Amino acid sequence: MDGNIWQQVLQIAFLLEMINTVPFVIGIFDHPLQNLFIPVFLNCWLAKRALESMVNDFHRAIHRTQSAMFNQLLILISTIICLIFTFICGVEHLQRAGKKLSVFDSFYFCIVTFSTVGFGDVLPDIWPSKLLVVIMICVALIVLPIQFEELAYLWMERQKSGGDYSKQRTETERHVVLCVSSVKIDLLMDFLNEFYAHPRLQEYYVIILCPAEQDAAVRRVLRIPMWSHRVIYLQGSALKDQDLVRAKLDNAEACFILTCRCEEDRNAADYQTILRAWAVKDFAPSCTLFVQILKAENKFHVKFADHIVCEEEFKYAMLALNCICPATSTFITLLVHTSQGLEGQHSPEDWHRIYGKCSGNEVYSIVLKESIFFSEYEGNSFTYASFNAYNKYGICLIGVCPDDTKKNILLNPGPEHIMKPLDVCFYISLTKEENSCFKRGCKNSPKTQPPTSSAITSMGTVAIDLQELSIPSSLGPSLSAETNISETRKPNMVPVLELPDSPSFQTADMFSDQSKNPYQPYTGDEGSNDYVKGYPPDLPYIGSSPILCHLRKKKTPKCCMQLEKTCNHKDEEDVKAYSLKNKLIIVSAETTRNGLYNFILPLRASYRSENELCPIVLLLEHDLDDLLRCGVSFAASMVVVDKESTMSAEEDYMADAKTIINVQTLFRLLSGLNIITELTHPANMRFMQFSAKDCHSLAFSKLEKKEREKGSNLSFIFRLPFAAGRVFSIGMLDTLLYQCFVKDYMITITRLLLGLESTPKSGFLCSMSITEEELCIETYGRLYEMLSSTVGDIPIGIYRTESQMLEPPEVSLHKVSVFEEGKDPEEQDEAIPCELPDIQTHSLRRRSMQWASNLLGPWHAERDADRLSQQRGVLLSCSERLELTELVKKRMKNLGLSTHGFDRMNNNQSSHSYALINPSPDTKLELNDIVYIIRKDPLIKDERY
């Protein structure tokens, strides 16, 4: 009790009250002391204390918890005011005994003193005034730094947490919220680049809500002027309503919830995402929700979200389609990225320029009656509109959303679909129609004069001038003269056109890989003795897509499914015991998981012919012997799937280390095998098929750096493994979720292309190979007309393989060796065979080259130094390849396996492959080109035949 009394007595507020009260009370009873001075101005400190208590009580009454910054600022301002007021009043009163100062002079002296200027024109001349000045300076030097330190600390903490997004801004601005568990620089830049790539989103603000503190890299990016005024970082949790209020989520246009894919336990990462989605939906039910999920079995927990991207579904589907439609992953990745098609335009390589140009194609939509491209085809068939729009404008019509469904998107519904005014058309183009140079006035221009070049693609001339073709009357009406067709009458399409100066051919030859005639409609009861069409009887997880598939009539015994064991049904321990007709697809994984269902689904879909069903071998925890025993020597493709636990590492980019080394080992041992894999980080694709002395890899690395310096988001596309579809990063598909804010149809179209879902009357993605018989078609535009007018297929791109030079262009231009001075560079390139030459011949040639170099001088020696070094590298590489091949063949013989076909598989020529999206009509077809096709649903009955 005594301690509490002394604590109250020694408080500054009590002492101030006594200083003001005691002289006043004494003056009442003692008349001579009535003139005693009472420092009433010291009551300002008591007023300051009362003001602070009143503000705290006010905040407590209105339940405002985020007022620390305001309170500290109020304390600082009131402290400065009290110091100045006390100084002015004290100096003015004490100077009455000396040189009198007015209130203004005292105020002037106070400001000059506290600002440390000290002009010296106003000075206290008596010792009490001087003592007061000393006391006030000491108090200011002690109190003010403490107040400023506390204010600075609160300000820094506020900067870390991001503060608040004011409600007043939501009335005039639009914003979206990005919820993540941790912000990585790659994820942030991918989101910002893709989100702000659309012109109408330039005025949007991005609010990042993350529980982690900003790291140095993110802080540097957010200070860049391009992002500093448009991106706001808030440190907080989506599970706290207070943090959601700070982000003004209830006023946001959309909320993106992303999952950290570097977590060791991916299920735990999904659980966090699910809780965030529930919290956001509970707080703001009307907010558009975009959710990213890693595991397919967790998807059904967030079915309420407006847009969902399941990483596992897309990853396995793209790995599967890469086996039957090469580079599908590259095609899809380029299609969902926003680009202007400027990548590689300054490269000396022709394929860089056309590949980079085609990479700028994207999917757009427009209502038919509002379109210049498609409004003239109202009442015509879909395939007729698709070809004529491509022929006239260079765009590829791939799908439609009929006006009577409003929800179901149909890819290539076939000639049976009649275009209606309210149909939503989906097309592939370099730019959307609204941004093109076409005006509404162009619609009435004469149809007899189509443009000679595509104003959309600017890549080439029209494929075919239909008016110059003489079509026999027996073939029916011309494509260019098709009249409006009523809904009760099916369109009459033109069969195969006889091209000038080229022999006629049968369409069935083009589709020789089909088990059935493409003219013959599917009746639903067809099937072989081994397969039936139906839905999978056992779904691996809740929410998996039921898709009609090829099913075996008789279930294979489990003992026969294991290659490493013999059973009563087979004697051998390798794949030869099954007498398989088609080439294998080997899936190398450490463990089985539910996601493999999405790998098998596209490969066993009912719309694929039975002779396309490749056997699938699942290889678990393998070594070289197991790999050889499972039939790798006659496998079509090998898919390498890494274990999820290896995707996390102390250094993020090391998460792909195990996958890269495993693939590199397989590539060195089996160089001719088509190895397909997926990486976590796109930047690691440069290590696929790595060769330190490969001049092409070095040239592509320089090109990638140049494109990155120009600000390109697709600098990685020129890496040969990615261009060929042998590697991709699922992180690239993050842009698919971001694009859905502007293009809400992109996820559905991508799922239809990958076969993850099916819609009645919707087509599917497949491919056809160009053989010598199809070369008479000559151009891609003619092929487009041929397919659309006969079987109703819509081509959307080309996968092309070209032979690769031994040197990059910048090295091999006009280089001539000493002995081949008169030969062309092409002849010299052919002079380097990819096989081990005779040792004696090589030795004589080396001595002769040295003698000639010494004779002709150092200039020739320097000129040929690089070329000789590269020739030596090629020879050593071939020698190493032959040595590894012999090693594998010996191992196969020891295991009792046949080496037949192994040499042919490893005798691969140096080549590169790439995918062209919607190439120009005059693109020349080449032998072994693979054309991507959207084939109509075989269940649709074609009444034309």
Side-chain angles (χ1 to χ4, degrees), residues 162 175-199 201-210 212-235 254-262 290 292 309 311 333-343 356 359-360 362 647 649 651-656 679-686 701 703-719 722 728-743 746:
H175 71 285
V176 298
V177 179
L178 176 64
C179 295
V180 289
S181 58
S182 62
V183 179
K184 303 297 182 182
I185 187 63
D186 293 337
L187 180 145
L188 178 61
M189 294 309 302
D190 287 343
F191 179 84
L192 295 179
N193 288 328
E194 186 63 38
F195 185 81
Y196 285 112
H198 303 278
L201 301 182
Q202 298 302 313
E203 302 301 325
Y204 277 71
Y205 286 80
V206 175
I207 311 298
I208 303 175
L209 186 60
C210 177
E213 186 178 335
Q214 296 184 57
D215 58 15
V218 174
R219 191 177 295 110
R220 285 195 301 268
V221 169
L222 295 185
R223 288 178 179 175
I224 299 176
M226 182 186 300
W227 312 120
S228 60
H229 70 288
R230 296 193 288 185
V231 182
I232 301 174
Y233 189 97
L234 302 182
Q235 184 177 354
C255 179
F256 295 86
I257 302 179
L258 305 184
T259 306
C260 180
R261 59 171 54 90
C262 295
F290 299 79
Q292 179 192 62
V309 170
E311 177 182 299
T333 300
L334 297 179
L335 204 60
V336 300
H337 272 77
T338 300
S339 171
Q340 297 180 353
L342 301 179
E343 286 76 13
S359 68
E362 299 178 45
M647 295 181 181
E651 184 179 349
D652 290 341
Y653 287 89
M654 287 296 178
D656 296 320
L679 301 179
T680 303
H681 297 282
N684 289 333
M685 289 192 299
R686 65 183 187 273
S701 178
L703 178 61
E704 181 177 347
K705 294 176 182 176
K706 291 180 180 178
E707 295 297 334
R708 193 183 299 112
E709 291 173 357
K710 296 177 183 177
S712 172
N713 302 329
L714 298 174
S715 57
F716 52 80
I717 66 174
F718 297 104
R719 291 289 182 177
F722 172 79
F728 68 96
S729 173
I730 195 62
M732 299 173 181
L733 281 188
D734 289 347
T735 58
L736 176 63
L737 190 66
Y738 312 152
Q739 273 201 2
C740 282
F741 183 70
V742 177
K743 305 175 182 177
M746 279 305 300

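This structure is a prediction, so every number in the text was calculated from the model and none was measured. For the numbers below, each heavy atom of this structure counts, side chains included, while hydrogens, waters and symmetry mates do not.
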For L737 against V309, the heavy-atom pair lying closest together: CD1-CG2, 3.7 Å

For a quick test of reading the model, state the closest non-hydrogen atom pair linking T333 to H337 and the distance between them. O-ND1, 2.8 Å

Could you pull out all residues at least two apart from E362 that satisfy side chain to side chain donor-acceptor pair (under 3.5 Å)? K743

So, do F191 and Y738 have ring centers that fall under 6.0 Å from each other? yes

Go through the structure and list residues passing side-chain contact (heavy atoms from CB on, under 4.5 Å) with A197, not counting sequence neighbours. T338

Is there a donor-acceptor contact under 3.5 Å from the side chain of S729 to the main chain of T680? yes

Considering all heavy atoms of both residues, which atom of P682 and which atom of M732 are nearest to each other, and what is their separation? CB-CE, 3.8 Å

Are any non-hydrogen side-chain atoms of Y233 and R219 less than 4.5 angstrom apart? no

Write down the atom of L201, the atom of F741, and the distance for their closest heavy-atom approach. CD2-CE2, 3.4 Å

Closest non-hydrogen atom pair between M746 and C740, with its separation: CB-SG, 4.1 Å

Which of D734, L733, I730 passes side chain to side chain contact (heavy atoms under 4.5 Å, CB included) with E311? It is I730

State, yes or no, whether a side-chain contact exists between L334 and I717 at a heavy-atom distance under 4.5 Å. yes

CZ of R220 to CD of Q214, rounded to nearest 0.5 Å, is 11.5 Å

Contacts of type side-chain contact (heavy atoms from CB on, under 4.5 Å), residue T259, not counting sequence neighbours: A269, D270, T273, Q292, L294

Nearest 0.5 Å, what's the SG-CG distance between C179 and L209? 4.5 Å

Side-chain donor-acceptor contact under 3.5 Å, Q739 with E194: yes

All side-chain contact (heavy atoms from CB on, under 4.5 Å) counterparts of R230, not counting sequence neighbours: Y196, Q202, M226, W227

Find the distance between CG (L679) and CG (D656) and round it off to the nearest 0.5 Å. 4.5 Å

Test applied, side chain to side chain contact (heavy atoms under 4.5 Å, CB included); reference residue, I207; option that passes from V231, L178, V176, I232: I232

For residues 180-190, which side-chain donor-acceptor pairs fall under 3.5 Å, sequence neighbours excluded?
| from | atom 1 | to | atom 2 | distance (Å) |
| --- | --- | --- | --- | --- |
| D186 | OD1 | Y653 | OH | 3.1 |
| D186 | OD2 | Y653 | OH | 2.1 |

Residues passing the side-chain contact (heavy atoms from CB on, under 4.5 Å) test with E203, sequence neighbours excluded, are none

